[in-house]
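See below for the structure under consideration.
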Amino acid sequence: MDRKQLVAVVVAIIIGLMVTLIGSPSAFASSPFPFTVTRDAAGKLVSIELTKTKSRNGEADILAILRASMDGQPGKSLQDELSSAGLDTPEERDAFERAKRYIMMSVPKRDLEDPRLDVEFSKAKFKLDEIFVYRLLANPYDPGAFDKENLVMEIVKELLGAADKVFGVSPAMTIFEFLVSQHLEALEVRREFHQNRLMYLLDQPESQFSVYEKSLIRSSVFYSRLDLLNPFPRKSARKKWNTFGDTELRSQLKKCDGFTTKTSVSYGPCFNVIGSDLHNRLVNQSV
């Protein structure tokens, strides 16, 4: 396995743990509709988004996870975390061991313990968590709302520029870049997870949306997942906006066959409850 593949393994494990951003199954049951719906004065649907209070709920500390993996302390390893989440197949154990070896070979412990990382990463998380596009679940009448993700890179450049003045050319700077990239991926995972929850709620009898609005919401959801750097699929989706989301959903639901438990009726066919964790087949990093 080459360096790039090993990094990918590390990413997969870290993101698997970062789904604590999502919250607990019981949190979903506590509200009839858990998202913020905005309409204009005429009643036209403007947006559906996560509330700010939910955006930072249950956040995992990726820096603490990395440090714990370096220590290899019994009962505190990444493998223990994965096993407790039901992720304990031979493949996952093997991936964990490879990832742990990579971390131990590539990151000097003294650099990982640099107290400046705590300060700078805390600042970075605050700014990244404020980015609206990661709280936005759907904007049915404005596909361009998700095209604004390119603005994220400007914010990241500012963060890296500020951190460079603190760390300079050092291993700590490389670690900081890694932490920022993983936090961004975690925000994307959270958004996809809740978008899937939203699409399930659309089909409930008490849904507050019209049939037409539901179709546009689904189009917005799946449009947000198209590659920002590849304009052609996005252009095609815009042309078929009224039906794009419904077609894509039918295709995606085929992946959920057999992914059910006794409690799945509460969440939808693509959800599965493992212990106190809620997983979703359409969000690969959550399982």
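Keep in mind that this is a model prediction, so the values were computed, not measured.
Atom CG of residue Leu187 and atom CD1 of residue Ile131 lie 7.5 Å apart, to the nearest 0.5 angstrom. In this structure, CE in Met199 is found 5.5 Å from CG in Leu249, a value given to the nearest 0.5 Å. Here the straight-line distance linking atom CD of Glu192 with atom CG of Leu282 works out to 9.0 Å at 0.5 Å rounding. Taking CG of Leu216 as the reference point, atom CG of Asp142 lies at 12.0 Å (rounded to 0.5 Å). From Ser181, atom OG reaches atom CZ of Phe176 across 10.5 Å, with rounding to the nearest 0.5 Å. The distance from atom CZ of Phe209 to atom CD1 of Ile217, rounded to the nearest 0.5 Å, is 4.5 Å.
In the model, Asp246 has a side-chain atom that pairs as donor or acceptor with a side-chain atom of Ser215 under 3.5 Å.
With ring centers used as reference points, Phe271 lies under 6.0 Å from Phe193.
Residue Arg234 comes nearest to Ser224 through the heavy atom pair NH2-O, 3.9 Å, listed as atom of the first residue, atom of the second, then distance. In this structure, Phe146 and Leu228 approach most closely via the heavy-atom pair O-CD1, 4.3 Å. Minimum interatomic distance between His183 and Asp129 (heavy atoms only, all atoms of both residues): NE2-OD1, 2.8 Å. What you find for Ala138 and Ser220 is that their closest heavy atoms are CA-OG, 3.5 Å. Nearest heavy atom pair, residue Cys256 against residue Arg281, reads CA-CD, 3.8 Å. In terms of heavy-atom proximity, Val133 sits nearest to Ala145 at CG2-O, 4.0 Å.
The pair Asp147-Arg238 meets the salt-bridge criterion, since a charged nitrogen lies less than 4.0 angstrom from a carboxylate oxygen.
With sequence neighbours left out, the salt bridge (charged side-chain N to carboxylate O under 4.0 Å, His left out) criterion links Glu120 to Lys123. Residues that satisfy the salt bridge (charged side-chain N to carboxylate O under 4.0 Å, His left out) test with Asp164, not counting sequence neighbours, are absent from this structure. Under the salt bridge (charged side-chain N to carboxylate O under 4.0 Å, His left out) criterion, Lys254 pairs with no residue, sequence neighbours left out. Considering only residues two or more places apart in sequence or on other chains, Pro233 meets the side-chain contact (heavy atoms from CB on, under 4.5 Å) condition with Leu226, Asn230. Remark: Ser170 pairs with Phe167, Ala172, Met173 by the side-chain contact (heavy atoms from CB on, under 4.5 Å) rule, at least two apart or across chains. Every residue two or more places apart in sequence or in another chain was checked for a ring pair (Phe, Tyr, Trp, His ring centres under 6.0 Å) with Tyr141, and none qualifies. Considering only residues two or more places apart in sequence or on other chains, Arg225 meets the side chain to side chain donor-acceptor pair (under 3.5 Å) condition with Gln195, Asn196. Asp203 is linked by a salt bridge (charged side-chain N to carboxylate O under 4.0 Å, His left out) to Arg218, counting only residues two or more places apart in sequence or in another chain.
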| Should Asn280 and Tyr200 be marked as a side-chain contact (heavy atoms from CB on, under 4.5 Å) after you check the CA-CA gap, both sets of side-chain angles, and the distance that decides it? | CA-CA 12 Å; Asn280 188 302; Tyr200 168 67; over 6 Å; no

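Contact of the Glu113 side chain with the Arg110 side chain is not registered, since no non-hydrogen atoms from C-beta on lie closer than 4.5 Å. Side-chain atoms of Val152 and Leu184, non-hydrogen and from C-beta on, do get closer than 4.5 Å to each other.
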Review item, side-chain donor-acceptor pairs of residues 35-50, under 3.5 Å, at least two apart:
unit_1, atom_1, unit_2, atom_2, d
Arg39, NH1, Gly43, O, 2.9
Arg39, NH1, Glu213, OE2, 2.7
Arg39, NH2, Glu213, OE1, 3.2
Asp40, OD1, Ala42, N, 2.9
Asp40, OD1, Gly43, N, 3.0
Asp40, OD1, Lys44, N, 2.8

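Connection of Ile175 to Val119 is not established within any shared hydrophobic cluster, with ILVMFWY side chains joined at heavy-atom distances below 4.5 Å, either directly or through further cluster members.
Residue pairs satisfying the ring-ring contact (aromatic ring centres under 6.0 Å, His included) criterion with at least one member in residues 210-236, sequence neighbours excluded, are listed as follows: Tyr223-Trp241.
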